Amino acid sequence: MNLRKSLTLVTVSIVLGGGVALAAPSAQADQPAFQSQAMDSGLTASEATQLQRTIDTLLAKEGGRQTAANEIRYADGRLLVPLPGEKYVRELNGSRAEGTAASARHTCTYKRLCGYSGRNYTGQEREWYQCNVLYKKPSAWRSGGSWYNNQTPGRQGSWYDYNKRFLSHTRPAPYGANGNWAPVGYVKAC
């Protein structure tokens, strides 16, 4: 290949961004909206920045797409992150008081199997819903935790180790429990 043709290809690649560079600005463009959403939900600017750092770290480790100040969407479900200073996850819709539940309660959407990074449905919440698909659990979940099977009545999820070997089934839906994420590497919703 001659030098002129090489320079043309490099220029085209830089201008077009190879498809990768074009995706980053759109994600960054949404950050002011997410910051505003977090502050409308009662967070200070510092707390909103802290939340965004948490989301950015999770996106870098696990992939996905940020769709709200505290939400990452995946092809197979979503991950919700509790707001700074709160134990329970929640949809963001304005009031800070809504995330400070006095009693342990799952927030798992109907027809989903949900895992929580903390005991008694606290911490991050990961939802899975497609049957017969093996999903990797969040990599930071290395101990403790809880889960809630909120699928249609009678459905069971399954836990697999890091080598994708079956460990056990959940109890039939609806049912939840505290558990230990340490041996679990993968999850099947049903």
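As the structure is a computational prediction, the values presented were derived from the model and not from experiment.
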Peer 1: For a 4.5 angstrom cut-off between non-hydrogen side-chain atoms, does Leu80 reach Glu91?
Peer 2: yes
Peer 1: I'd like to know if the side chain of Ser117 reaches the main chain of Gly123, judged simply by a donor and an acceptor atom lying under 3.5 Å from each other, with no hydrogens or angles considered.
Peer 2: no
Peer 1: Tell me whether Ser36 contacts the main-chain N or O of Pro32 through its side chain, where contact means a donor paired with an acceptor under 3.5 Å.
Peer 2: no
Peer 1: Under the criterion side-chain contact (heavy atoms from CB on, under 4.5 Å), I'd like the reasoning laid out for Lys164 against Leu134: C-alpha separation, chi angles, the key distance, then a yes or no.
Peer 2: CA-CA 8 Å; Lys164 300 180 181 178; Leu134 205 55; 3.7 Å; yes
Peer 1: Verify, without hydrogens or angle tests, whether Gln151 (side chain) and Ala173 (backbone) share a donor-acceptor contact under 3.5 angstrom.
Peer 2: no
Peer 1: Calculate, to the nearest 0.5 Å, the distance between atoms CG and CD belonging to Asp56 and Gln66 respectively.
Peer 2: 6.5 Å
Peer 1: Please name the pair of heavy atoms, one in Arg171 and one in Asn149, separated by the smallest distance, quoted to 0.1 Å.
Peer 2: O-ND2, 3.2 Å
Peer 1: Keeping the roles fixed (side chain from Lys61, backbone from Ser139), state whether a donor-acceptor pair exists under 3.5 Å.
Peer 2: no
Peer 1: If you round to the nearest 0.5 Å, how far is CG of Asn178 from OH of Tyr121?
Peer 2: 7.0 Å
Peer 1: Would you say that Cys190 contacts Tyr129 through its side chain, given a criterion of any heavy-atom pair below 4.5 Å between the two side chains?
Peer 2: no
Peer 1: Are the side chain of Asn163 and the backbone of Arg165 linked by a donor-acceptor contact shorter than 3.5 Å?
Peer 2: no
Peer 1: Over all heavy atoms of both residues, which pair between Arg142 and Asn180 is shortest? Give the atoms and the distance, please.
Peer 2: O-OD1, 4.3 Å
Peer 1: CG of Leu58 to CG of Asn70: how many Å apart, nearest 0.5 Å?
Peer 2: 11.0 Å
Peer 1: In the structure I gave you, are the side-chain heavy atoms of Trp147 and Trp159 within less than 4.5 Å of one another anywhere?
Peer 2: yes
Peer 1: Could you see if Val133 belongs to whatever hydrophobic cluster contains Leu167? Use Ile, Leu, Val, Met, Phe, Trp, Tyr and a side-chain cutoff under 4.5 Å.
Peer 2: yes
Peer 1: Counting C-beta onward and ignoring hydrogens, is there a side-chain heavy-atom pair between Arg90 and Leu83 closer than 4.5 Å?
Peer 2: yes
Peer 1: Would Tyr74 end up clustered with Tyr160 when hydrophobic side chains under 4.5 Å apart are linked, directly or stepwise?
Peer 2: no
Peer 1: Would you give the length of the straight line joining atom OG1 of Thr170 to atom CZ of Arg155, rounded to the nearest 0.5 angstrom?
Peer 2: 11.5 Å
Peer 1: Looking only at heavy atoms, which two atoms of Phe34 and Gln52 are closest? And how far apart?
Peer 2: CB-OE1, 4.0 Å
Peer 1: Going through the distances and angles, do Thr109 and Arg78 end up as a side-chain contact (heavy atoms from CB on, under 4.5 Å)?
Peer 2: CA-CA 11 Å; Thr109 304; Arg78 69 178 180 169; 3.7 Å; yes
Peer 1: Rounded to the nearest 0.5 Å, what separates atom CH2 in Trp128 from atom CG in Asp76?
Peer 2: 8.5 Å
Peer 1: Is it possible for you to say whether Trp141 and Ile55 belong to one hydrophobic cluster, with membership spreading through side-chain heavy-atom contacts below 4.5 Å?
Peer 2: yes
Peer 1: Mind running side-chain hydrogen bond (donor to acceptor under 3.5 Å, both in side chains) on Gln130 and Tyr135 for me, showing each step along the way?
Peer 2: CA-CA 9 Å; Gln130 292 180 351; Tyr135 298 113; 2.9 Å; yes
Peer 1: Under 4.5 Å between any side-chain heavy atoms of Thr107 and Glu125, yes or no?
Peer 2: yes
Peer 1: Taking Trp181 for the side chain and Gly118 for the main chain, is one N or O donor matched with an acceptor at less than 3.5 Å?
Peer 2: no
Peer 1: I need the Tyr148 OH to Asn120 CG distance, nearest 0.5 Å.
Peer 2: 13.5 Å
Peer 1: Determine the minimum heavy-atom distance between Glu47 and Gly42, stating which atoms define it.
Peer 2: OE1-O, 4.2 Å
Peer 1: So which atom in Ala38 and which in Leu51 form the shortest heavy-atom distance, rounded to 0.1 Å?
Peer 2: CB-CD2, 4.3 Å
Peer 1: List the steps, then state whether side-chain hydrogen bond (donor to acceptor under 3.5 Å, both in side chains) holds for Lys137 with Tyr162.
Peer 2: CA-CA 10 Å; Lys137 69 132 172 134; Tyr162 290 92; 2.8 Å; yes
Peer 1: What I'd like to find out is whether the side chain of Arg126 reaches to under 4.5 Å of the side chain of Val187, using heavy atoms alone.
Peer 2: no
Peer 1: How close do Gly64 and Ile72 get, counting heavy atoms only, and between which atoms?
Peer 2: CA-CG2, 3.9 Å
